Amino acid sequence: MEMKQLPVGVSDFKDIVTGDYYYVDKTLFIKEIMDKGDKILLIPRPRRFGKTLNLSMLKYFYDCCPQTLSADKDANSVRVVSGTGPPVDSYGKLFDSLAISRAGKKYLDHMGKYPVIFLSFRDIKEPDWEITYRKIKKLILDEYLRHDYLLSSPKLKSQEKDYFRRIIDLKGLYEDYEKSLEKLLIFLCRYYGQRAVILIDEYDAPVHAGYHSDFYEQIVNFIRNFLCGGLKDTDQFLQKSVVTGIMRIAKESIFSGLNNPGVYTLLAEEFDEQFGFTEQEVEALLKDFQLLDRYDEVRRWYNGYRFGQKIIYNPWSIVNFLGSKANKCKPYWINTSDNKIVESLLSKKGKELKPELEQLIRGETIEKAIEEDIVLKDIPTDEDLMWSFLLMGGYMKQDFTRRDDAMEKNYYNLSIPNKEVRSIYTRIIRRYFSDKIENNRLEIMLKALLQGEIDVFTEIFSDYVVTAMSFFDMGADPEKVYHAFVMGLFLWLSPACQVKSNRESGYGRYDIMIIPADPEKLGYIIEFKKVRKNETVESAVESALKQIEERKYETELKERGIETYKKLAVVFNGKDVTIRES
């Protein structure tokens, strides 16, 4: 079988179809959009999950704009003359062999019928407001130029043509650009005598940049006025609008005033198969590329997202895996963003790591309330919003647990979806420790541990605790803080050792176990104790070591053939640490 070229980095639907790329058919997304009664739909999904491609597909399905069509000279479009009205045919041949072509006359009657406004904000991620505003103006200019045939139409008044020219000459006032979506919508409807379709891709990309680079209020104000101008009170002009982004920026921030838009986050069951790849689609891809024997490995790396009730794979990573020469499973998706916001939130801007990180890294779940409306500026002070941000951004997988009617909150068990995303958390932890201890000192400390030189390890570790942790880090449960802290440090032992935490062994659950890949090497069982009121350091040490002995935590090590191991008590009183081996 001759393999088609994979569309790595190609997000234009027409380019994929006419370029004979491999395409996973998502055209029934068009049917689902039509079946929904909402005039305005907001569909947030994580980055690189096919949002731009799907909106591009909608554009080619709906579009009747002659300026767009007259530029195309291939067999997949019809050349029409400006001013003659909607074409009899449009881009219909693009869809001939795809699922939507079999959906029925009810849906195909809408093909090529509407003027379309298509704007993608996905590449507007600048570090300051001035550059951002300049790029937004250029984006609006490009869409106006796509419809510059309107300037020769008698259906636009002279003042409206003056306004149009100000936009394309980049001489418009701030207010002109705020109103530009609404104005173009009105112009197109008047020209065609037909309602228009508005497609806005990645509306929140510049908002995230504004949050990170301190121009949040400016960008939110502009995007709110821009979108509301085109989408509010425009029923007589608007046929349908689809807006995508990573998340729903809370109604009072962006979508205030809109007439009840339909919002379908990844928690909703609607559109659950239209972004990302389903298990069946991935299996078919692997079979076509003769890699079905790699299915389990691919699943561990890229599976695990849950959209509605469907398990979804990361499409960017799957396509890059299949397109790589060696077909190597490695992180592809995480390298498409710097993940600065995620790192800042999980490490409290470098001060400390969140204790939940340790639970997540060892494969456990954490229960959190999830909000579908997110105010970015409130994330640093609102734990629920932080975890909601991570979920909507593709850094978590969710399973519904309960509804709290009194608090009007839904709770979910959150976990790391797959091996690729886990590497993000590992990087964050490693960078955190790298910033606080010189690499050579860290290497000496961990080498001493592996060689059983506990005195050397204790000396460096104690110094590290003093410099890296504050008394404020301790909180109500200091044992958990130390536990997470040490687990983060021991991640550096990979791949020479596996580090496990809070697992059953013998007659109880040990705190930390270090399992060498080579059974001839040294293993560890580590128990943490806090010196409590009316207790001495020595008694706490004895208690910790006694617990290891009595509960036979070494059972798992012995089952793995590891006969050489040490049992350590790590006892702390504030920032004073005592480490003792039995």
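Because the structure is a prediction, the values reported are computed rather than measured.
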[Y] side chain reached by [X] side chain, heavy atoms, under 4.5 Å:
X      : Y      : value
Lys529 : Gln547 : yes
Thr536 : Val531 : no
Tyr510 : Ile548 : no
Leu385 : Asp378 : yes
Tyr211 : Val207 : no
Asp384 : Lys409 : yes
Leu285 : Val24  : yes

To check you understand the geometry: which heavy-atom pair defines the closest contact between [X] and [Y], and what is its length?
X      : Y      : result
Thr132 : Phe215 : OG1-CZ, 3.3 Å
Tyr553 : Arg509 : OH-O, 3.2 Å
Gly304 : Ile311 : N-CG2, 4.2 Å
Glu372 : Leu267 : CG-CD1, 3.7 Å
Thr578 : Val537 : OG1-CG1, 3.5 Å
Asp272 : Ile312 : O-CD1, 3.5 Å

Do [X] and [Y] make the cut of ring centroids closer than 6.0 angstrom?
X      : Y      : answer
Phe49  : Phe307 : yes
Phe400 : Tyr411 : no
Phe29  : Phe275 : yes
Tyr302 : Tyr313 : no
Phe255 : Tyr203 : yes

Can a donor-acceptor pair be found, under 3.5 Å and without considering hydrogens, that links the side chain of [X] to the backbone of [Y]?
X      : Y      : answer
Ser423 : Glu420 : yes
Lys4   : Tyr23  : no
Thr555 : Lys552 : yes
Arg551 : Lys546 : no
Asp576 : Phe572 : no
Asp204 : Ile246 : yes
Asp128 : Ser213 : no
Asn418 : Val421 : yes
Lys51  : Pro46  : yes
Ser543 : Ser539 : no

So, taking the atom named [atom1] in [X] and the one named [atom2] in [Y], what distance separates them when rounded to the nearest 0.5 Å?
X      : Y      : atom1 : atom2 : result
Ile249 : Ile374 : CD1   : CD1   : 7.0 Å
Ile370 : Leu391 : CD1   : CG    : 5.0 Å
Ile200 : Leu42  : CD1   : CG    : 11.5 Å
Asp288 : Glu283 : CG    : CD    : 11.0 Å
Glu549 : Glu527 : CD    : CD    : 12.0 Å
Ile562 : Glu554 : CD1   : CD    : 12.5 Å

Open item on the list: Show, in sequence, the C-alpha distance, side-chain angles and deciding distance for Gln398 and Asn413, and conclude whether the side-chain contact (heavy atoms from CB on, under 4.5 Å) test is met.
Closed with: CA-CA 6 Å; Gln398 82 288 355; Asn413 277 337; over 6 Å; no

TODO: Would you check, one step at a time, whether the test side-chain contact (heavy atoms from CB on, under 4.5 Å) holds for Glu356 with Lys368?
DONE: CA-CA 11 Å; Glu356 290 94 342; Lys368 298 292 178 181; 3.0 Å; yes

Open item on the list: The test is side-chain contact (heavy atoms from CB on, under 4.5 Å); show your working for Asn303 and Glu279 and say whether it passes.
Closed with: CA-CA 8 Å; Asn303 186 3; Glu279 293 180 293; 4.0 Å; yes

Strictly below 4.0 Å, N to O, side chains only: are [X] and [Y] in salt-bridge contact?
X      : Y      : result
Arg248 : Asp373 : yes
Asp405 : Arg403 : yes
Glu581 : Lys566 : yes
Arg560 : Glu556 : yes

- [ ] Kindly assign one of parallel, tilted or perpendicular to the pair Phe457 and Phe461, based on the angle between their ring planes and the thresholds 30° and 60°.
- [x]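 It falls in the parallel class, under 30°.
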
Open item on the list: Parallel, tilted or perpendicular, judged at 30° and 60°: which one describes the rings of Trp333 and Tyr395?
Closed with: tilted

Task: Step-by-step side-chain hydrogen bond (donor to acceptor under 3.5 Å, both in side chains) determination, Glu273 to Thr278 - done: CA-CA 7 Å; Glu273 295 186 2; Thr278 65; 5.7 Å; no

Open item on the list: One pair to check against side-chain contact (heavy atoms from CB on, under 4.5 Å): Glu535 and Lys530. What are the steps and the verdict?
Closed with: CA-CA 9 Å; Glu535 186 179 30; Lys530 173 192 174 185; over 6 Å; no

Task: salt bridge (Lys or Arg N to Asp or Glu O under 4.0 Å) partner of Glu297, the single match among Arg299, Arg294, Arg300 - done: Arg294

Open item on the list: Surrounding CD of Glu459 (heavy atoms of other residues, nucleotides or ligands, distance under 6.0 Å), is the total greater than 12?
Closed with: no

Task: Within 6.0 Å of NZ in Lys500, more than 12 heavy atoms from elsewhere - done: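 More than 12 within 6.0 Å, yes.
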
TODO: Quick one: do Lys135 and Glu126 satisfy salt bridge (Lys or Arg N to Asp or Glu O under 4.0 Å)? Show the steps, please.
DONE: CA-CA 9 Å; Lys135 290 191 75 169; Glu126 304 304 324; 2.9 Å; yes

TODO: Tell me yes or no: between the side chains of Ser317 and Arg48, is some donor less than 3.5 Å from an acceptor?
DONE: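 Looking only at side-chain atoms, Arg48 and Ser317 do not form any donor-acceptor pair under 3.5 Å.
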
Task: Audit row: Thr265, Arg45, side-chain hydrogen bond (donor to acceptor under 3.5 Å, both in side chains) steps and yes/no - done: CA-CA 7 Å; Thr265 70; Arg45 291 294 184 275; 5.9 Å; no

- [ ] Could you walk me through whether Asn314 and Tyr332 pass side-chain hydrogen bond (donor to acceptor under 3.5 Å, both in side chains), step by step?
- [x] CA-CA 10 Å; Asn314 186 320; Tyr332 294 103; over 6 Å; no

- [ ] Starting from the C-alpha separation in whole Å, work towards a yes-or-no answer on side-chain hydrogen bond (donor to acceptor under 3.5 Å, both in side chains) for Glu367 and Thr401.
- [x] CA-CA 8 Å; Glu367 188 185 58; Thr401 56; 2.9 Å; yes

